[in-house]
Amino acid sequence: QVQLVESGGGLVQAGGSLRLSCAASGRTSSTYAMAWFRQDPGKERSFVATINWSGRTDYADSVKGRFTISRDNVKNTMYLQMDSLKPEDTAVYYCALRGSTPDSIYFTDRRAYAYWGQGTQVTVSS
């Protein structure tokens with residue numbers, strides 16, 4: 001099995017920064033894309049950022065220019081550096097590992113991902 005564990009969440013003021021980590025264990029492969037999603041109560045879990053096997057990254061428009069996704073394949077860890085945080089960034093952040101799903105399922109679709117972490121809370125105050 002694959003386990004994903006997020007860490008690094010917390011309470012920060014608007015304009016501040018936070019770095020999230022996602023440690024993967026079990027039968028994982030660096031050839032699969034990983035991603036960050038976020039979710040607030042009453043809202044649908046939405047795509048934040050992804051990084052594939054070659055290091056290519058994609059971001060939701062709402063975080064582009066402020067967030068940076070990266071991964072360390074040796075450590076099996078993915079990171080999300082969040083800068084210039086806004087109150088609307090408040091959410092539970094989840095890391096995910098893509099499963100053996102068809103390429104036709106776009107990377108922004110949570111259905112593309114087979115494994116999920118438990119989430120870490122990020123709260124941005126005004």
Side-chain angles (χ1 to χ4, degrees):
Q1 297 186 69
V2 174
Q3 292 84 43
L4 303 174
V5 180
E6 303 95 334
S7 62
L11 174 64
V12 297
Q13 290 184 301
S17 297
L18 211 58
R19 189 183 75 163
L20 305 183
S21 298
C22 174
S25 62
R27 296 182 65 86
T28 61
S29 174
S30 60
T31 64
Y32 288 95
M34 298 183 72
W36 289 97
F37 284 72
R38 64 187 182 185
Q39 186 173 24
D40 253 348
K43 294 184 178 180
E44 193 172 301
R45 189 171 299 187
S46 60
F47 170 78
V48 176
T50 188
I51 183 166
N52 74 358
W53 61 270
S54 68
R56 177 182 174 179
T57 59
D58 287 283
Y59 299 88
D61 289 341
S62 59
V63 306
K64 200 170 297 182
R66 299 188 297 118
F67 290 10
T68 303
I69 189 172
S70 62
R71 67 191 297 175
D72 185 331
N73 292 332
V74 175
K75 296 181 179 180
N76 280 341
T77 302
M78 178 178 64
Y79 305 94
L80 184 67
Q81 178 66 43
M82 304 184 294
D83 298 317
S84 301
L85 283 163
K86 304 175 181 179
E88 49 263 45
D89 294 320
T90 295
V92 176
Y93 284 71
Y94 299 89
C95 67
L97 176 66
R98 190 179 181 103
S100 299
T101 52
D103 291 341
S104 59
I105 301 179
Y106 207 48
F107 61 82
T108 57
D109 190 337
R110 65 182 186 272
R111 296 179 181 180
Y113 302 91
Y115 306 100
W116 295 85
Q118 83 291 342
T120 185
Q121 177 71 47
V122 172
T123 302
V124 184
S125 64
S126 301

Peer 1: Would you call Ser62 and Arg38 a side-chain contact if the rule is heavy atoms closer than 4.5 Å?
Peer 2: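 The answer is yes; the side chains approach within 4.5 Å.
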Peer 1: Give the cluster check for Tyr115 versus Phe107: same hydrophobic cluster or not, with ILVMFWY residues linked at side-chain heavy-atom distances below 4.5 Å.
Peer 2: no
Peer 1: What pair of heavy atoms forms the shortest contact from Gly9 to Val122, and how long is it?
Peer 2: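 It is CA-CG2, 4.1 Å.
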Peer 1: Please report the interatomic distance CG(Leu97) to CE(Met34), rounded to the nearest 0.5 Å.
Peer 2: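 CE of Met34 is found 5.5 Å from CG of Leu97.
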Peer 1: Examine Val63 and Ile51 and state if one hydrophobic cluster contains both, with Ile, Leu, Val, Met, Phe, Trp and Tyr joined whenever side-chain heavy atoms are less than 4.5 Å apart.
Peer 2: yes
Peer 1: Answer yes if Tyr59 and Val48 sit in the same cluster of Ile, Leu, Val, Met, Phe, Trp and Tyr residues linked by side chain heavy atoms under 4.5 Å apart, and no otherwise.
Peer 2: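 Linked within one cluster.
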Peer 1: Quick one: which residue pairs count as a salt bridge (Lys or Arg N to Asp or Glu O under 4.0 Å) with a foot in residues 47-59, not counting sequence neighbours?
Peer 2: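 Listed by first then second residue: Arg56-Asp58.
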Peer 1: Which word best sums up how the rings of Tyr94 and Trp116 line up, parallel for under 30°, tilted for 30 to 60°, or perpendicular for over 60°?
Peer 2: perpendicular
Peer 1: Can you name the nearest heavy-atom pair linking Met78 to Cys95, along with the distance?
Peer 2: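 Reported closest heavy-atom pair: CE-CB, 3.5 Å.
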Peer 1: Is there a donor-acceptor pair closer than 3.5 Å between any side-chain N or O of Arg98 and the backbone N or O of Ala33?
Peer 2: no
Peer 1: I would like to know whether Trp36 and Glu6 meet side-chain contact (heavy atoms from CB on, under 4.5 Å); could you show each step before the answer?
Peer 2: CA-CA 10 Å; Trp36 289 97; Glu6 303 95 334; 3.8 Å; yes
Peer 1: Heavy atoms only: give me the nearest Ser17-Asp83 pair and the separation to one decimal.
Peer 2: OG-OD1, 2.7 Å
Peer 1: Hey, could you give me the CD1/CD distance between Ile69 and Gln81, rounded to the nearest 0.5 Å?
Peer 2: 12.0 Å
Peer 1: Atom CD of residue position Gln13 - does it have more than 12 heavy atoms of other residues, nucleotides or ligands inside 6.0 Å?
Peer 2: no
Peer 1: Going through the distances and angles, do Phe67 and Leu85 end up as a side-chain contact (heavy atoms from CB on, under 4.5 Å)?
Peer 2: CA-CA 9 Å; Phe67 290 10; Leu85 283 163; 3.8 Å; yes
Peer 1: Under the 3.5 angstrom rule, does the side chain of Asp72 hit a backbone N or O of Lys75 as a donor-acceptor pair?
Peer 2: yes
Peer 1: Would you indicate whether the side-chain heavy atoms of Leu4 and Tyr113 approach each other to under 4.5 Å?
Peer 2: no
Peer 1: Would you say the side-chain atoms of Thr123 pair up with the backbone N or O of Thr90, donor to acceptor, closer than 3.5 Å?
Peer 2: no
Peer 1: Please find the pair of heavy atoms, one from Ser126 and one from Pro87, that lie closest to each other, and give the distance.
Peer 2: OG-CG, 3.6 Å
Peer 1: At what distance, to the nearest 0.5 angstrom, does OG1 of Thr57 lie from CZ of Arg71?
Peer 2: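 Interatomic distance, Thr57 OG1 to Arg71 CZ, rounded to 0.5 Å: 12.0 Å.
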Peer 1: Would you give the length of the straight line joining atom CG of Asp61 to atom CZ of Phe47, rounded to the nearest 0.5 angstrom?
Peer 2: 10.0 Å
Peer 1: Can you measure from CG (Leu18) to OG1 (Thr120) and round to the nearest 0.5 angstrom?
Peer 2: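 One gets 8.0 Å once the value is rounded to the nearest 0.5 Å.
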Peer 1: Is the shortest distance from a Lys or Arg side-chain nitrogen in Asp89 or Lys86 to a carboxylate oxygen in the other one below 4.0 Å?
Peer 2: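 Looking at Lys86 together with Asp89, the answer is no, because their closest N to O distance does not fall below 4.0 Å.
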Peer 1: Going by the side chain to side chain contact (heavy atoms under 4.5 Å, CB included) test, name the single residue among Gln121, Met82, Gln39 that passes it with Tyr93.
Peer 2: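 Per the side chain to side chain contact (heavy atoms under 4.5 Å, CB included) rule, the option paired with Tyr93 is Met82, out of Gln121, Met82, Gln39.
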Peer 1: For Leu80 and Ala49, work out which heavy atoms get closest and say how close.
Peer 2: CD1-CB, 4.3 Å
Peer 1: For Arg110, which residues count as a salt bridge (charged side-chain N to carboxylate O under 4.0 Å, His left out) partner, sequence neighbours excluded?
Peer 2: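 Counting only residues at least two positions away or on another chain, Arg110 forms a salt bridge (charged side-chain N to carboxylate O under 4.0 Å, His left out) with Glu44.
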Peer 1: I'd like to know whether NZ of Lys64 has more than 12 heavy-atom contacts from other residues, nucleotides or ligands below 6.0 angstrom.
Peer 2: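 Yes, NZ of Lys64 has more than 12 neighbouring heavy atoms, counting only those of other groups under 6.0 Å.
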